[in-house]
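Heads up: the structure comes next, in structure tokens.
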Amino acid sequence: MGDEIRFSMTDWIETAGSPFVIMERDYAQRYDAEKSYNTICGVDGYAGTVEIDGHKIVVLGDEPMSVNIIRKGYETIIIRWRYAPGTNEVESIVNNLDFGTLSEISHEMIDFDSKDLVMFDAAPYLEEDSNAVKLQTLHKTVNINTYEYNSESVALIIHKLKS
């Protein structure tokens, strides 16, 4: 069992059509979605960074996709569902994931001011912690590797966050 990922198809998170963003929890309390939205939506690709009010923000861009989060110690894996015939196929793929066989499409290294991060929909104001998924990291520097899984019937975007 040691390094295996055990993944269940519950707890998918969706946006109202906006990208997901990852930022420091302290800044998220002051984040102005209306002021920042055009900057956030200007990010190309599946993952990119912007700086707003002196804070780095990771944008999970491209099209809106449902996400599920897997935590392994201080490593976080964000699974984004592009298409699949059903949950069984996605669950099987994720449970047998071998990052060595995936196509890495981007790599970002971000130096945050805090190890306490959150992910949430970029559009609404973050009024309570319950609106966000907490992502605790071991260090303030986080590597985000983005991979693409494609088969005839399933396409996933996978972000691996490691500090």
Side-chain angles (χ1 to χ4, degrees), residues 5 7-25 27-53 55-71 75-95 97 99 102-110 112 116-137 142-162:
I5 296 171
F7 174 74
S8 162
M9 293 304 298
T10 59
D11 299 327
W12 283 93
I13 305 164
E14 307 224 8
T15 70
S18 305
F20 281 105
V21 291
I22 299 171
M23 65 182 71
E24 298 145 358
R25 193 168 96 186
Y27 178 65
Q29 303 302 320
R30 300 185 312 275
Y31 168 75
D32 185 338
E34 188 175 341
K35 177 182 129 188
S36 306
Y37 195 71
N38 287 338
T39 303
I40 297 291
C41 290
V43 170
D44 288 328
Y46 294 117
T49 58
V50 295
E51 191 166 313
I52 297 174
D53 298 330
H55 295 272
K56 292 183 179 73
I57 299 172
V58 176
V59 180
L60 303 182
D62 195 51
E63 61 193 76
M65 293 176 239
S66 299
V67 303
N68 205 316
I69 297 173
I70 302 165
R71 293 180 176 90
E75 187 174 270
T76 300
I77 300 167
I78 300 171
I79 307 293
R80 298 173 70 193
W81 180 327
R82 289 187 70 204
Y83 61 83
T87 58
N88 289 341
E89 291 83 358
V90 174
E91 188 171 341
S92 175
I93 289 164
V94 172
N95 282 331
L97 210 53
F99 282 93
L102 296 176
S103 301
E104 184 175 331
I105 52 178
S106 71
H107 174 257
E108 300 267 345
M109 187 174 79
I110 299 99
F112 288 105
D116 195 8
L117 307 175
V118 291
M119 182 185 85
F120 59 94
D121 185 336
Y125 290 94
L126 180 68
E127 295 173 356
E128 299 176 11
D129 281 350
S130 61
N131 295 338
V133 177
K134 296 176 185 176
L135 306 173
Q136 186 72 33
T137 61
V142 177
N143 287 294
I144 301 176
N145 298 75
T146 300
Y147 302 88
E148 192 167 30
Y149 175 90
N150 279 311
S151 71
E152 194 172 299
S153 61
V154 178
L156 305 171
I157 302 301
I158 302 163
H159 306 283
K160 186 178 188 181
L161 285 64
K162 191 170 184 175

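By the side chain to side chain contact (heavy atoms under 4.5 Å, CB included) test, Ser103 pairs with no residue at all, sequence neighbours left out. The salt bridge (charged side-chain N to carboxylate O under 4.0 Å, His left out) test applied to Asp53 returns Lys35, not counting sequence neighbours. Taking Val67 as the reference, Ile13, Phe20, Ile78, Arg80, Met119 meet the side chain to side chain contact (heavy atoms under 4.5 Å, CB included) condition, with sequence neighbours excluded. For Glu104, the side chain to side chain contact (heavy atoms under 4.5 Å, CB included) criterion is met by His107, Asn145, Tyr147, not counting sequence neighbours. In this view, Thr146 and Tyr46, Ala47, Ile105, Ser106, Ile144, Ile157, His159 satisfy the side chain to side chain contact (heavy atoms under 4.5 Å, CB included) rule, not counting sequence neighbours.
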Can you check side-chain contact (heavy atoms from CB on, under 4.5 Å) on Tyr149 and Val90, steps first, answer last?
-> CA-CA 10 Å; Tyr149 175 90; Val90 174; over 6 Å; no
Can you check side-chain contact (heavy atoms from CB on, under 4.5 Å) on Ile22 and Ile57, steps first, answer last?
-> CA-CA 6 Å; Ile22 299 171; Ile57 299 172; over 6 Å; no
What's the verdict on side-chain contact (heavy atoms from CB on, under 4.5 Å) for Val58 and Val21, showing C-alpha distance, side-chain angles and the deciding distance?
-> CA-CA 6 Å; Val58 176; Val21 291; over 6 Å; no
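No side-chain heavy atom of Tyr31 sits under 4.5 Å from any side-chain heavy atom of Val118. Residues Leu135 and Ile69 have side chains in contact (heavy-atom distance under 4.5 Å, counting atoms from C-beta outward). Asn95 has its side chain out of reach of Ile93: every pair of non-hydrogen atoms, C-beta onward, lies at least 4.5 Å apart. No side-chain heavy atom of Pro19 sits under 4.5 Å from any side-chain heavy atom of Pro64.
Distance check, rounded to the nearest 0.5 Å: CD1 of Ile79 to CD1 of Ile158 gives 4.5 Å. In this structure, OH on Tyr83 lies 11.5 Å from CE on Met65, to the nearest 0.5 angstrom. To the nearest 0.5 angstrom, Thr137 atom OG1 is 8.0 Å from Asp116 atom CG. Distance check: Ile77 CD1 to Ile70 CD1 gives 5.5 Å after rounding to the nearest 0.5 Å. Here CD1 of Ile52 is found 7.0 Å from CE of Met23. Values are rounded to the nearest 0.5 Å. Expressed to the nearest 0.5 Å, how far CG of Asn143 lies from CD of Glu75 amounts to 10.5 Å.
Smallest separation of non-hydrogen atoms from Gly48 and Val43: CA-CG1, 3.7 Å. Minimum interatomic distance between Tyr37 and Ser18 (heavy atoms only, all atoms of both residues): OH-OG, 3.1 Å.
Geometrically, Lys56 does not engage Phe112 in a cation-pi contact, judged by NZ or CZ lying under 6.0 Å from the ring centre and within 45° of the ring axis.
Using a distance-only test at 3.5 Å, with no hydrogens or angles considered, a donor-acceptor pair links the side chain of Glu89 to the main chain of Gly86. In this structure, Ser36 contributes its side chain and Asp32 its backbone to a donor-acceptor pair below 3.5 Å.
The salt bridge (Lys or Arg N to Asp or Glu O under 4.0 Å) pairs that include a residue from residues 148-158 are Arg82-Glu148, where partners are two or more places apart or lie in different chains.
Taking the six-membered ring where tryptophan is involved, the planes of His55 and Tyr27 are essentially parallel, since the angle between them stays under 30° and well short of 60°.
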